Every structure is written in C-alpha cells, then in structure tokens.
Amino acid sequence: MNIIVCMKQTFDTEARIVLENGAVKEDGVQFIINPYDEYAVEEAIKLKEAEGGVVTVVTVGPARVEEAIRTALAMGADEAIHVEDEAAFGDEVTVSEVLAAVIKDRPYDLIIAGNQAVDDGSGQVAVRVAELLGVPHISTVTKLEINGGEVVAERDAEGDTEIVTAPLPVLVTAQQGLNEPRYPSLIGIRKASKKPIAKVAVAELGLDALAIARRSSVVEIVLPAAKGAGRVLEGDTGARAQALVRELRQTSKVL
Amino acid sequence: MDFRLSLEEKMIQRTVRNFVKNELMPLEQDVLRNEREGRPGLDPETLRVLQHKAKAIGFWGINTPEEYGGANLGSLAMAITLMELARTFVPFDFGGYADNILYACTDEQKQRYLIPTIEGTRRSCFALTEPGAGSDAANIRATAVKDGREWVLNGEKIFITNGNEADFAMVFAVTDKEKGPRGGITCFLVDRELGWRSERVRTMGEWDPAALIFEDVRVPEENVLGEVGYGLELAMRWIGAARWAIPARAVGSAERLLNMAIEYARTRTTFGEPIADRQAIQWMIADSAVEIDATKWITLKAAWMADEGMDNRHQASMAKLYGANMANRVVDRVLQIHGGMGYTKELPIERWYREMRVFRIFDGTDEIQRHIIARNLIKGHVRVDDFLD
C-alpha cells in the first residue's frame, strides 16, 4: 500500500508567541510537526506496519522544515519530498496546487493529512488537494480501517460520530483522538539522518508560478486580548440571572 | 564556530524532552507525596515500566558499547540527555549501563557481573569511600588478607550510592600496606551473599546512600577485579571520567527552576504590580540566566572534548565546580522569588534545594576541584591563555 502524508511544520503552540512587523517572530521559536499532521504520520506508519507498503511524507516550506521531515522519517516514514521553493509559499490555493502536483503522478492508495494546522487553522489545504486530484475525502477522522479496497472511517461530526466508507484511493484528515503518536526511536533517529529527501521545485512540477500565486493576503495578525479579571455577580438567584443576561447582551454581545 | 546541535542531536534532545514532559512530569505530585510519606519517590514497578517503555524506543544503554547492546551515543549526546532528564526531579534514568570500572572484568567475570548489571538483573555499587578517606582515597583502611585461595576482607565503607539495593559491591581494600597506594590496593567483586551488610545513611536529600560493613568476609581469589595491587589505578581511571554529568544535570534542573520563577514573578502581584517589575527580582533572574548559560557551555565543551579523545579533566573539573555552585545559587534565588510558597512542600523547590547541596560534595568536593584546577595551572599542565587550543 502506498501512503502519502501531507505534513506542515508549525511553531510550537505551547511556546510564547511574539509578533513583529505583522508576523510571528521566528527567531528563538521552536518548530514542530503540526500536531494534527503528527497523527497523520503515526496513522500512516501504523497502517504500513499492519498492511505493508511505503509511507512518503510531502511538505512545503523553507530549509528549517528538514527537522520536521527527519523527525517523521525517524518515526518510521520511508521517503520524503520537500518543496523548498519560494514560488510554493503562498496561501491555501498555492500549497494545495503544489501538493496535488507532487502527488498526482505517484502511485497512491491513501493520502493522510492533519485536519488543520495549529498556526493558521484554515483546514483547507488537504481537502483542496482531494478536489484537485479528483479523489473522495473524509475529514476529522478519529478511527480508520482498511477493508479490502475501501476505507471505513469514524469521523468527528460536531460531537457525534459518523461512520463513512469510501473506495481507495481516498484522502482522509486526522483529528485528535485518532492515535497516540510514537516517540521516534534512537535507531530511527540515526537512520533518519541518512535517508534521502527529494527536493522539488515548482517549475519541475509543470506548474505556472503566476497561476498558483497567492490570491489572499494576511492584512494583520493580532494576539488575543489579555484576559481581564472575572466579575462575581451579587444578589439573589433571580437578580443574578437578570444581571447575567444583561451582561451577555450588552457587554459581551453574545446574545 | 557553530554552536548548533546536529539534527541528530536535536532529535535526541527533543525526544527525551517529550518523554520527560509526557511520561515523567505527570508523576511529580505522586513522587512528592510518596517521599513525604517515607516511601521511594517511584516504586520499583513504575520505574521498570517506564524504563521498558524507553527501551522499546531504543533509549537504553545510552553510553554502553554496542557489543553489549547499548547505543554508545557519546559524551555530548549523553550530556544533552542528562540536561533533559534533569528538568524533572522524578528519580528516573534510562537503564542498561554499568560503572565503567566493570569493563575491566575478565570474560568469566563479565558473565557474572558486567552483563547482568547492564541487563538490570543485578545491581552494583562502587565502594571506595570510607569514614576516614573520601577525596584522599589512597588513605583507605579496609584490608584484605590472603588465606589459601580466598581473601579475607575487613573494613567499613560509607556514602555508597545504591549500597542498600546492590547485589554485589566493587570493594577497594589494602592488600599490601608497604606498597600503599602504589601497588598495594586491590579491587574485589563481592556478592552480598558472601556476608557483608549495609545500613542506610539518611541524608538531607531524598537519596540515601549506605554504609557497608565487612567482617571477615571471604572472597574467592577469582573475584579480584583487574590485577592484585592495582585497584586504585582502576578507580582513578573511572573517577572523574564523567565529572561533567553533574553540571549537565544542574543545567536542566536550573532551567526548569528559573522558568518557574519567571512565571511566578509575572503573576505574583504585590502592592499593585507584578514582582517581575521589581529590580530586586529582575537581578536574580538575570544572574541566574547568565550562570546557567555559562555552565551549559563549559559543560558541553568538557563532554565534546571527551568525544574528541582529548584530556578533558581540567575542563570537567571547572564545569563541575561552577555548575554545582550555580545550581545552589539558582535554587536559592528561585526559592526566594517564590517567597513563603517556595519554602513549602507544596512546591518541589525545597526538594531541589535539599538535593542540590550535595552537588558541591560528591564526585569531588568544591575544594578538590579547586585544588585540581589550581594545580594544573601552577604546575603548567594547562595554560591560562589556552584558547580552544
């Protein structure tokens, strides 16, 4: 079975984020595999261990992304393709066009990606890739089984579980709960530094850089407002309920 | 000059860091409670399960040669690993190692002592120190007298790490009083069944070494480790070889502590402003950060020198002296920043405070390190102006 994992490197969301000139300051930031993509890597390796096959990791990003690729290889992925090309660094349209172009001429039975990236959280790229490739997709998967030529997936549907089947090849996106990603093994770490990483440029993919250029731009990034102190409402239950409704209507405007 | 870790070293660091965060830190409250109630912080079964989990991903025998199934990562990777493990006070180590001196075993002894120690089925302890001989190890009084095909061992050892739990001890005793330290001290492999006993020595830390008592313990002659009369040479080759391990641990713990202090200073408000806005607190934070960084690089250099096959003893002594004192200063400041809370047993700071005091004593006291450093310089073994020479 040929399994392709679409992976993104993101900054560590547990670290403090500093904004500088309208962007997240990268200096001194730890970068990690996007946690949802880590579930995707883990699921791909588990399936390979059960069914046999090859796991190929595909990613778009600058040179620093190599660390995330090596980590996925150390966990047990077999091959990696790295698009390290300015022309590929755009918005969701750009990245999905690039990923689809990388994948389309390769043999694949299953594509797994994270449900979303923890940095921009668009949740668009993987499903766009499925559309471009003309394959079905199942998103926010919490359980995945291969049953002959089809997959049976349980997906997180707004708190309920939906069971969806689809024929291979198919793209699925991983939701938290799908699995518990493994630690890379020491042997894996040592082997990973020797595994080759294929570098691909946008021009080599037969893509027109202008045609896939970003169509949206980020105007501003702001940190969430600092959390203020709480307020304890006073009076009897009726008075407190009235005060609460008034606050929700007038101050926080959620009603 | 490139101060970055290699990608491989970075992945090792990240993996150990995640292991500590996911597997060990959640046990911290249990460890504190167990110790407060007089039990070992980690019960042996929990430790075994954790070590097994680590072994499954190859984190076992980190510095053990490959021929014994170890990973033989080298000193620099080991120093990085120790820094990460020391971010928690949960008493854990990756299994699969033996004291260096056991590699001097004969092939026959290896089967009985070295290999079972690496595999974790037998536990060893290194018994050199005596009530009257610590850093001046040549002064030991324990004796071994040959009687037929056996040696008869008498004497007392103290502050022996793992002495309560060990199945056998590597015991140093005088076998020729005339020759003294030059050819007159021998090392013996002495099984507990041969009749020695141990007594717990309670310390201010959560780590209790033992006193070992030998009264006419008869040791078969095939249990001599190395050559008769050359035990001290063997010991000296092992002592100090990994002196950078203590400052490496000091760095990991001090970084965690300083992070706790910064977080606390940001949130703790007095007289209407966070204490982080006060210069008195800021200076403690700044001094701690500078000293941690200095320890980190002096230590990594000592470990790197070992990997390069260079004589790192001077550097390792400097790292040990500075790192041990850094840790004590940092934990004291961190406790001070936390005020009354820092002094309670609700937080782990006081535990670290008690534990770190011994850094300045074991594996060569501050005074011995200063003596070594000064002697190297005065005798000209090392030049002051050696710059990365």
Side-chain angles (χ1 to χ4, degrees), chain A residues 9-16 18 26-35 38-39 41-42 45-46 49 57 62-77 80 82 176 179-197 226-230, chain B residues 3-26 50-64 66 69-74 76-78 80-81 84-85 87 94-97 255 259 262-263 266-267 269 272 274 276 289 293:
Chain A
Q9 187 191 44
T10 58
F11 46 79
D12 187 349
T13 41
E14 286 183 18
R16 268 174 85 88
V18 179
E26 291 203 354
D27 207 23
V29 168
Q30 293 271 11
F31 286 93
I32 57 171
I33 297 178
N34 170 41
E38 208 180 355
Y39 301 133
V41 173
E42 173 64 29
I45 297 167
K46 268 171 64 180
E49 285 168 352
V57 173
R64 62 167 157 77
V65 171
E66 187 184 339
E67 190 185 337
I69 297 173
R70 296 279 178 210
T71 305
L73 292 172
M75 287 170 75
H82 179 189
Q176 188 171 10
N179 55 45
E180 188 72 39
R182 69 191 66 194
Y183 299 104
S185 74
L186 201 48
I187 286 181
I189 289 171
R190 286 177 155 182
K191 281 188 184 156
S193 38
K194 287 162 198 101
K195 287 183 186 171
I197 298 173
K227 219 169 161 183
Chain B
F3 286 94
R4 269 173 301 210
L5 298 179
S6 72
L7 212 46
E8 191 174 307
E9 288 156 352
K10 211 167 168 186
M11 282 195 280
I12 290 170
Q13 179 195 44
R14 201 61 80 78
T15 304
V16 179
R17 183 171 295 187
N18 286 336
F19 187 88
V20 168
K21 193 173 81 183
N22 301 333
E23 314 292 336
L24 303 182
M25 286 185 182
L50 286 168
Q51 286 184 334
H52 192 77
K53 192 162 191 176
K55 188 178 180 180
I57 51 165
F59 283 83
W60 182 87
I62 303 276
N63 240 12
T64 299
E66 278 108 337
N72 200 17
L73 281 187
L76 189 59
M78 184 69 186
I80 293 162
T81 302
E84 293 305 322
L85 283 179
R87 288 183 198 282
F94 295 124
Y97 61 88
E255 286 189 341
N259 275 327
I262 292 169
E263 203 46 50
R266 276 194 194 122
T267 50
T269 303
D293 218 44

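Just so it is clear: chains get the letters A, B, ... in the order the sequence lines come, proteins before strands, and each one is counted from 1. Worth saying up front: this structure is predicted, and the values here are computed from it rather than measured.
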Do Glu84(B) and Arg87(B) meet the salt-bridge criterion of a basic N to acidic O distance under 4.0 Å?
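Yes.
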Using a strict threshold of under 4.0 Å (side-chain N to carboxylate O), is an ion pair present between Glu49(A) and Arg182(A)?
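Salt bridge present between Arg182(A) and Glu49(A).
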Would you mind checking which part of Lys55(B) comes under 4.5 Å of any heavy atom in chain A, side chain (CB onward), backbone (N, CA, C, O), both or neither?
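The answer is neither part of Lys55(B).
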Chain A heavy atoms under 4.5 Å from Leu7(B): which part of the residue, side chain, backbone, both or neither?
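For Leu7(B), side-chain heavy atoms alone lie under 4.5 Å from chain A.
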Does the pair Phe19(B) and Tyr183(A) meet the rule for a ring-ring contact (aromatic ring centres under 6.0 Å, His included), with working shown?
CA-CA 8 Å; Phe19(B) 187 88; Tyr183(A) 299 104; 5.7 Å; yes
Look up atom OG1 in Thr64(B) and atom CG in Leu73(B), then write down how far apart they are to the nearest 0.5 Å.
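It comes to 10.0 Å.
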What part of Arg190(A) gets closer than 4.5 Å to chain B, counting heavy atoms only: side chain, backbone, both or neither?
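Interface part for Arg190(A): both.
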